[in-house]
2 protein chains.
Amino acid sequence: MQSMESRASNNTETVTSRLRALIMDGTLPQGEKITETGLAALLQVSRTPVRLALAALEQEDLVRGAPNRGFHVRRFTIDDMREILDVRATLEGMAARLAAEKGLTGDEESLLRSCIEELAALIATGQHDQAAFRTFSSINIRFHTHIARIAGNAELIRLMERNPFRSAPLLHILPAEEALQVLRESQRDHIRLLEAILQGQGTRAEFLMREHALLPLSKATQLFDHINTNTAMRSIQQAG
Amino acid sequence: MQSMESRASNNTETVTSRLRALIMDGTLPQGEKITETGLAALLQVSRTPVRLALAALEQEDLVRGAPNRGFHVRRFTIDDMREILDVRATLEGMAARLAAEKGLTGDEESLLRSCIEELAALIATGQHDQAAFRTFSSINIRFHTHIARIAGNAELIRLMERNPFRSAPLLHILPAEEALQVLRESQRDHIRLLEAILQGQGTRAEFLMREHALLPLSKATQLFDHINTNTAMRSIQQAG
DNA sequence: TTTCCATAGATTGCATGCAATGTTCTCAGT
DNA sequence: ACTGAGAACATTGCATGCAATCTATGGAAA
């Protein structure tokens, strides 16, 4: 899953990664105008790789460009985030279904189990600080990534990797108590999911996964009338 | 849905469209090596727009490139096509579900109904030549596109537009009798789908749509041990 | 004959210049 | 003061040159 970052022998990919990071962590705020020359100066490269990077991020829909009028950072409304997470939930559900239909090898099962055990251990400590949430997210991502791998559909994996919100726990913007509760419910989902997959219950796995993927968002919208999308994106970025 | 073609004020988009067409219609066969200079000479432009077009199509996964070693046309195995259609079916299913959950306005309903009536009229003529299949495909695409619009999820539409196989009836590679049967079964699916959507039966609509989207592929694989992916892609291209 | 290395050719990756297109500011006219 | 036209400025889109990298060919050594 980290294949999109880091590995960068050429400048273009470096610029793409850095620009993506600048956007996701809010350094470049939503709606900010981006000029090729400006970015080139900022990142100390020529306009060529910048242009290529912008084209790439335009396809990811992180920046938007009008012909002859340059680019600006996409504005994410709360509805945009909801839509993206909705698609993500559907794709994750498909991955779970395929995994269940295909069945697990012993190795695959134990890998998923170990994720669940690590999460259980983490929750048992009762910690609810930022560090704990980060650890939780990284294990969680491993769990989800592995299910996608097991599903074995390359096109599916490709789309999931391009989705801006990898695993979007939104934990960081929730009050600590609420966040802990999300952790616990998530963990219960994980256990049920593995059970469904092991028993080859494709449809059950699919719907469990959908619910699971939408859990943090529904929690967050229960609590806030209006989510600040800048904060939310920073939160998601920190989670990865 | 045709937004990706035609509208091309600048060279880069023109080159992108033309290159995509060259690949989809088999002029550039699968696995063919593509050099920037070669394409630039062929299309009478400089390397710059070619480079941008290649980067775009790489993200669509129609061409693949190794660092410093250029690009080649992606090879589609039959399994690749299956995977892509599987994802497409899931996304189409999501669109149907959202449409059902949202409900139709009068205009939306009558637009879908008119598609169905046109298809019924076409089938009633009993024609089963290439021209009839093309007409069928174009109406069919309108039907599906409209459902996606009704669903109203921009991210979903974006992914569906990027899927290489828009509506993939594969009719052209089936024997005429089989193709006609596919038409009839499709039409039955359409009617049921509209019914489910009108009654707000989201899950039913979702699963009907999935089956519907996979129908042509399963028919084709019933008949052939091995589908020639070049022929199949040409067929899909003709359908669009 | 086979293997390895070196050199020549080809191709990509990047930087930059130039023309075309947009944007903004000024200033005259109302 | 306000509007509109025009010019100055800024920015993109494209072409092209150059260096770095990769590939291929040929020849020498085992």
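- Both A:Glu36 and B:Pro49 sit near DNA chain D, but only A:Glu36 has its closest nucleotide nearer the 5' end.
- Remark: the backbone N or O of B:Met160 is not paired with any side-chain donor or acceptor of B:Asn163 at under 3.5 angstrom.
- Across the protein-nucleic acid pair, B:Arg47 atom CZ and C:dA10 atom P stand 15 Å apart, rounded to whole Å.
- At the phosphate of C:dG13, OP1 or OP2 sits under 4.0 Å from a side-chain N or O atom of B:Arg51.
- C:dT12 atom P lies 13 Å from atom CG of A:Asn10, rounded to whole Å.
- Rounded to whole Å, atom C1' of D:dA19 lies 14 Å from atom CG of A:Asn11.
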Please step through side chain to side chain donor-acceptor pair (under 3.5 Å) for the pair B:Thr27 and B:Asp25, ending with a clear verdict. CA-CA 6 Å; B:Thr27 307; B:Asp25 73 8; 2.6 Å; yes
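- Judged by the 6.0 Å and 45° rule, A:Arg74 forms a cation-pi pair with A:Phe76.
- A heavy-atom distance below 4.0 Å to DNA chain C is reached by these residues of residues 68-75 of chain B, ordered by number: B:Asn68, B:Gly70.
- Rounded to whole Å, the distance from CG on B:Leu52 to C1' on C:dT12 is 14 Å.
- Within the structure, every side-chain polar atom (N or O) of B:Thr48 is placed at least 4.0 Å from both OP1 and OP2 of D:dT16.
- With B:Arg88 contributing its side chain and B:Phe165 its backbone, the two residues share a donor-acceptor pair below 3.5 Å.
- A:Asn11 contributes no side-chain N or O that, together with a main-chain N or O of A:Pro49, makes up a donor-acceptor pair within less than 3.5 Å.
- Taking atom CG of residue B:Leu54 and atom C1' of nucleotide C:dT11, one finds them 13 Å apart after rounding to whole Å.
- Ring pair A:His190/A:His144 is perpendicular by interplanar angle, where above 60° counts as perpendicular and below 30° as parallel.
- Atom CG in A:Leu39 sits roughly 14 Å away from atom C1' in D:dT12 (whole-Å rounding).
- Map A:Pro67 and A:Thr12 each onto its nearest nucleotide of DNA chain C; the residue landing nearer the 5' end is A:Thr12.
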